[in-house]
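Scope of the values below: all heavy atoms of this structure, side chains included, with no hydrogens, waters or symmetry mates. Per chain, numbering begins at 1; letters A, B, ... match sequence-line order.
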There are 2 protein chains.
Amino acid sequence: MSGNWRPPSSTDVARAAGVSQSAVSRAFTPGARIAQATRAKILEAAEALGYRPNLLPKILQTNRSGIVAVVVGGFYNPYFAMTLEAFSKALTARGLQMMLVRVESDRILDGVVDQLAGYRVDAVVSALALTSQDAADQLSKLRIPIVTLNSDLAGDWIRSVSSDNFAAGAAAARLLYERGGTRFGFVAGPADSPAQVAREAGFAHGLEALGLPPAMRAGGGYDHASGARAARDLFAGAERPDALFCANDLAAFGVIDVLREDFCLTPPGDVLVIGYDNLDMAQWAPYRLTSFDQDIEAHVATAMELLDLEAGATCVARVVPSRLVERESTRRG
Amino acid sequence: MSGNWRPPSSTDVARAAGVSQSAVSRAFTPGARIAQATRAKILEAAEALGYRPNLLPKILQTNRSGIVAVVVGGFYNPYFAMTLEAFSKALTARGLQMMLVRVESDRILDGVVDQLAGYRVDAVVSALALTSQDAADQLSKLRIPIVTLNSDLAGDWIRSVSSDNFAAGAAAARLLYERGGTRFGFVAGPADSPAQVAREAGFAHGLEALGLPPAMRAGGGYDHASGARAARDLFAGAERPDALFCANDLAAFGVIDVLREDFCLTPPGDVLVIGYDNLDMAQWAPYRLTSFDQDIEAHVATAMELLDLEAGATCVARVVPSRLVERESTRRG
DNA sequence: CGAATGTGTGCATAGCTATTCACTCGCCAG
DNA sequence: CTGGCGAGTGAATAGCTATGCACACATTCG
């Protein structure tokens, strides 16, 4: 019908209630000085018109939008879903809205930054590890606080929260050794993931500290298919490993599936397997996977703390320890 | 330092470049009439100051924010992740931003509606099936187009896209019968899910049409644990089913895990199993689950079409057929 | 050479709310 | 009776951009 309908404004309500616009504003501002009778009259008129205060003018003045942008790289991994859920809860608890931004790679630069700046988002949280210092600088220039997960960038406005990936890698080496592993293998994640790099380095360090030979290596992705491929590679040769640390759970599942299917090998009897992330699926019967729980709640809580920090306060990268959850996949005998 | 820093405005840039504010605006408006030299000068000044146009004033005038709110109920189910991903792509392709809203139940009313209205979101997409007509009316009053997935609500501003759950249920019955099933079981989802209800009704109808006895029934949730419980219930008695239709994949995985673990039964030899959603995991070795693919791309494409519809145009609920993907879990012999 | 067209720029304004300032009114204390 | 005070209200304004309008100047055509 009316091609250019506009939602009712405070002025409309004011007219309907026979008061001034400022009175309407006060009626919707908790703690403002307004007579009860006036307020009631205004609320009634507002209800009739279906009035909802427009938040934009306020944002325009204060430059605080109440919106936090969350950047993710994709949803294939349930770990992202868990992170998203945790952030969603934390933000909602603070009355903030979440703007979800999905980027193919962290070449975020293409326009997304402009958009975020344009909407005056209060902060940016990146579940995707930012690896490009360039992108970081871009964001930094906007004076928008940024928190990155499992990244190792630094900058005036960049704060970072990471799992203690290195320590976990070392712990994985120790556990596999204690459970009787003798020939070790590492199923790698993508090379551009700082978490992957740290986990591998920690694992290597752990093995070395125990005086063990370095691990065989395969893989290169965080998904099931990549883990499956890695398993085929590792077990095709004569010298088969008997203890595997996988960069994440999803890859570990791929490994286990292939071992059982193609090689008739089952953990923990034939091979020990450890993953990372402690997904729900890690408890499922076909897997019962020993894994590192990243304690997402703690990650998120820390991230929120860091967002509250003032201005360009320099701050150390926070590290959250991962908790080892042992299940059948490493319980031998 | 400066407690109340403000991002540079077009006026700041104008001052720096020695031009008027309107010139700056034109420099950033594609197709606006401005001399190349002037534009270059302005862009240089803007770059130096780190200026990004503020989108809010435009929104204030046009009431078009370029933001679409997506409502979800949780992330435990990878199906939500897939839906989210598809919507994210579709919205990005249209230059729209996505505001993610997570609600415990569809008692959305509590403040969220006010927020969405306040930000002047252009549309609302609900991946969570809205069941409360009350909530729908609330949203409708705001004259914000709403698209709901797998819901059966209707209203002036409410449009809906559903899988053909009923037809799929009937197809499941036929397939299980053709593959040799004789005693049928249905593993139910949550009672308040319209999709669950339609799938069950379709299944019952399909059995009846074939002259078969009605199915045994258990379950009541869309998650793994619920499926596991259902399997224990169904197979505890003497009269065990040999053909199961599960309300979704996650429940089906729970069923299969329990059957293999607790009862030493494996599909398809001992029991036929069908799921719904065709998750990635359905291809994994422990499951190889026959499932209905919801064709999320089509759902999302349809949803976007419906959003483009003008005003309160009355429109029929769209139905997208699900595609049956058969795997080992129903291939007998 | 005059007119007409076109290009480039500045001025002014709309859009909506929260808030400050000034004002009125009723009431109490001195 | 009057000064003061608190409560309640309205007018005015800031915040930033896009755009319609008017104007200045250059260019082209008859």
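- Distance check, rounded to the nearest 0.5 Å: CD of A/E47 to CG of A/L43 gives 9.0 Å.
- The CG atom of B/L49 sits 11.0 Å away from the CD atom of B/E44 when rounded to the nearest 0.5 Å.
- B/R94 and B/D122 are not joined by a salt bridge, as no carboxylate oxygen comes within less than 4.0 angstrom of a charged side-chain nitrogen.
- For the pair A/S126 (side chain) and A/L128 (backbone), a donor-acceptor distance under 3.5 Å is present.
- At the heavy-atom level, A/T62 lies nowhere under 4.0 Å from the strands shown.
- Overall bending of the helix from C/dC1-D/dG30 to C/dG30-D/dC1, expressed as the angle between end axes built from five pairs apiece, is 50° (10° steps).
- One atom, CD1 of B/I34, and another, C1' of C/dG10, lie 12 Å apart when rounded to the nearest Å.
- The distance from atom CZ of B/R26 to atom CZ of B/R33, rounded to the nearest 0.5 Å, is 8.5 Å.
- With rounding to whole Å, A/R39 atom CZ is found 12 Å from D/dT9 atom P.
- In this structure, B/Y222 has its ring center at least 6.0 angstrom away from the ring center of B/Y79.
- Atom-to-atom distance recorded for B/Q115:CD and A/T92:OG1 is 9.5 Å, nearest 0.5 angstrom.
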With sugar-phosphate taken as primed atoms, P, OP1 and OP2 and all else as base, the protein-contact string of nucleotides 16-23 of chain C at under 4.0 Å (heavy atoms; B, S, -) is BBBBB---
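- Between A/I42 atom CD1 and D/dG8 atom P the separation is 13 Å, expressed in whole Å.
- With sequence neighbours left out, A/F75 forms a ring pair (Phe, Tyr, Trp, His ring centres under 6.0 Å) with no residue at all.
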